[in-house]
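Here's the structure, in structure tokens; my notes come after.
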2 protein chains.
Amino acid sequence: MTQNDLDSIIKALSNPARRDILAWLKSPEIEFPEQCSNYQYGVCVGQIFEKAGLSQSTVSSHLANLQRAGLVTSKRQGQWVYYQRNEQCIEAFADYLKQTL
Amino acid sequence: MTQNDLDSIIKALSNPARRDILAWLKSPEIEFPEQCSNYQYGVCVGQIFEKAGLSQSTVSSHLANLQRAGLVTSKRQGQWVYYQRNEQCIEAFADYLKQTL
DNA sequence: AAAGTATATCGAAATATCTCGATATGCAAA
DNA sequence: TTTGCATATCGAGATATTTCGATATACTTT
């Protein structure tokens, strides 16, 4: 965990909308029951967009931000892009913080 | 730990200068060997200001920010104001994050 | 009381972030 | 290949943050 990683992760988490999205992705079945497909690759942008109460472009931007920080991964399936939590990164960050803060 | 607490703590930590200050305060004897007085109440603003490479007003503002977030406490001793880490708050935050992130 | 030192607050300029609508891109269906 | 849907990117306006110098406040010393 470099200082740069830490910086982008904390900056990503400093926004409430992004924290909400990350929290929602913990329970896709509960938070996004409307999604037709299964949750193998996570949740698609449209679902998150509808729940967030923000514009589509804003949500897309937030997701890109979370992904640059390494907190989520994405996978395109046809015309949809699915996002899911990167638990490894999230746990590593929480551990690092607990240890060094 | 309310959502407001979390928000102000993460926002406080999202700035590298404030993270540096908080890290320095972990080892006052090592990081601020120049301080004349003992470290009972922490480190005084002037010491932090000299180390930070930022203006006095900026450092004072960062310290106020950390204090509003609950991450440090301050105590005036004569004309000096000493800041020290609030370990209880810091640990509670790290634990909360580890649990809920 | 006056002057000096330490810290906090104020006001403003520079920079970054958030948000949106418009539009581009990638893929699917007709 | 044209049309339509899902997502990403662009450009711009609004807001927030960072930083500074100037000044105010708190305290000490003379």
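Everything numeric in this text was worked out from a predicted model, so none of it was measured. In what follows, every chain begins at residue 1, and chains take the letters A, B, ... in the order their sequences are listed.
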For DNA chain C, which residues in residues 75-85 of chain A have a heavy atom at a distance below 4.0 Å? A:R76, A:G78, A:Q79

For the pair made of NZ in A:K11 and C1' in D:dT17, what is the distance, rounded to whole Å? 10 Å

Using only atom types and a distance under 3.5 Å, with no angle test, would you say the side chain of A:T2 pairs donor to acceptor with the backbone of A:D5? yes

B:H62 NE2 - D:dT18 P separation (whole Å): 6 Å

Round to the nearest Å and state the distance from B:R68 atom CZ to D:dT17 atom C1'. 12 Å

Under-3.5 Å donor-acceptor pair between B:S57 side chain and D:dG21 base: yes

If you measure only the distance, is there a donor-acceptor pair under 3.5 Å linking the side chains of A:S61 and A:T58? no

Is any side-chain nitrogen or oxygen of B:T58 closer than 4.0 Å to OP1 or OP2 of D:dT19? no

Membership question, hydrophobic clusters at under 4.5 Å side-chain separation (ILVMFWY): are B:L6 and A:Y96 in the same one? yes

Please tell me whether B:M1 and A:L22 are part of a single hydrophobic cluster in this structure, the criterion being side-chain heavy atoms less than 4.5 Å apart. yes

Gap between atoms CG and P, on A:N65 and D:dT7 respectively (whole Å): 18 Å

Taking 4.0 angstrom as the limit, do A:D20 and A:K51 come out as a salt bridge? no

Is it the case that A:K75 places NZ or CZ above or below the six-membered ring of A:Y82, under 6.0 angstrom from the centre and within 45 degrees of the axis? no

Does any N or O in the side chain of B:S14 come within less than 3.5 Å of the main-chain N or O of B:K11, such that one atom is a donor and the other an acceptor? yes

Contact span of DNA chain C against chain A, any nucleotide atom under 4.0 Å from a heavy atom, 5' to 3', runs C:dT17 to C:dA28

When the nearest nucleotide of DNA chain C is assigned to A:S61 and to B:Q56 on a heavy-atom basis, which residue is associated with the more 5' position? B:Q56

Is a donor on one side and an acceptor on the other found under 3.5 Å between the side chain of A:Q35 and the backbone of A:G42? yes

Counting only non-hydrogen atoms, which of residues 33-54 of chain A are less than 4.0 Å from DNA chain C? A:L54

Any residue meeting salt bridge (charged side-chain N to carboxylate O under 4.0 Å, His left out) with B:E91, in chain and number order, not counting sequence neighbours: A:K98

I'd like to check the salt bridge (charged side-chain N to carboxylate O under 4.0 Å, His left out) partners of A:R85; sequence neighbours left out, ordered by chain and number. A:E87

Could you pull out all residues at least two apart from B:K26 that satisfy side-chain hydrogen bond (donor to acceptor under 3.5 Å, both in side chains)? none

